[in-house]
Student: 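Right, I'll just put the structure down here and ask away after.
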Amino acid sequence: MLAKAENLAHTSIRSIRLVVDVEDVFSPELTLEDFLKLHGKNPEPPKYRILNIEVVTCSEDNQPILVTECGRCPRFIRRFNGHVSCKKIITIE
Amino acid sequence: MISSTEEKVKLYLMSKGMQPLSIDETLETEPNLSFNEANGSKVFVKIPSREELENRNAILSVILRATSFTRTANRVYIALPRTYAPMIDGAIIQEEGLGLIIYDEKTINEVIAPKFFEHQASSKSQENLDVAQEIEQLGSRISQLEQTVQTLRSEISQLKSIRPSVETPKTEKTETVRDGLPAFFRDNAWLDILSKRGREPERYVS
């Protein structure tokens, strides 16, 4: 017999800063750390732009998703102190 | 006009025992909903419109404006659509003492409880402070008046002690008496001398 229980999951948010070359579409996107290691300088505008991407691992299917996507999930409760809190359904045999 | 979201939030808070109130139009920025709790405290709810939720900065601006309600209300909620809720860290809302309600088409939940702002107590304590200050001022004025009265009293007693004994001159009276007397009394120098006799201190000639 399977029983379902509801618990709370708190998943930490990972912020990834990506450097995008807006003048060269073929230039690879690098993280800010990799860009600094490769070029040895800060990405200066207007050629470069830094994007901040916030991702979490979904507590339900363990897939990486954008934090903003959590807003479409009915299990999402709140974002608090760098964590996403959501309901997690546990199946007990 | 009450939107469906406002109606939904209103019903949700009414189910928690709150009574809806009319909105005070004198406020600079009006809340969307106003409630009265059973203990008499006032609750405001700010529901940002779609235009106010364009980006993260716009949401932060709404939060900052909603903090002004804490001067009037005891509890303040912000109601955000579920799709916008992940954009803002709830810790920012909690630090400001606001509560957060998240809603979508089907569900509505309070995910951050608001802080209670004690306005009545603070206004009473302010009144008490004012009264205490007034009493203190009155006390100092009374002590000043007491000092003045004491000084005046001592001055009066000093004046009394040094005042010379003033005797009223009786010459006029004697003159009037003389008017009814015979003619040999008039311009008689002996009358004055004789009238003073007995009143002057005795002089003993050695």
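First the proteins, then the strands, lettered A, B, ... as listed; each starts at 1.
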Student: Is the side chain of A/Arg79 donor-acceptor paired with the backbone N or O of B/Gly90 at a distance under 3.5 Å, no angle test?
Tutor: no
Student: Donor-acceptor pair, A/Asn81 side chain versus B/Ala91 backbone, under 3.5 Å?
Tutor: no
Student: Drop me the distance from A/Ile77's CD1 to B/Ile102's CD1, to the nearest 0.5 angstrom.
Tutor: 9.0 Å
Student: Has the side chain of B/Asp104 got a donor or acceptor atom that lies under 3.5 Å from a matching backbone atom of A/Pro74?
Tutor: no
Student: Got a sec: does the CD of A/Glu23 have more than 12 other heavy atoms crowding it under 6.0 Å?
Tutor: yes
Student: Side chain from CB out, backbone as N, CA, C, O: work out which of these in A/Val84 comes under 4.5 Å of a heavy atom of chain B, or both, or neither.
Tutor: neither
Student: Would you say that B/Val111 contacts A/Phe80 through its side chain, given a criterion of any heavy-atom pair below 4.5 Å between the two side chains?
Tutor: no
Student: Given that the side chain runs from C-beta out, which part of B/Ile88 has a heavy atom under 4.5 Å from chain A: side chain, backbone, both or neither?
Tutor: backbone
Student: Top residue by heavy-atom pair count (under 4.5 Å) with chain B, among A/Arg78, A/Glu69, A/Glu54?
Tutor: A/Arg78
Student: Could you tell me whether a side-chain N or O of B/Arg82 sits under 3.5 Å from a main-chain N or O of A/Phe76, the two making a donor and an acceptor?
Tutor: yes
Student: Do you know the tightest heavy-atom contact between A/Gly71 and B/Pro86?
Tutor: N-CG, 3.4 Å
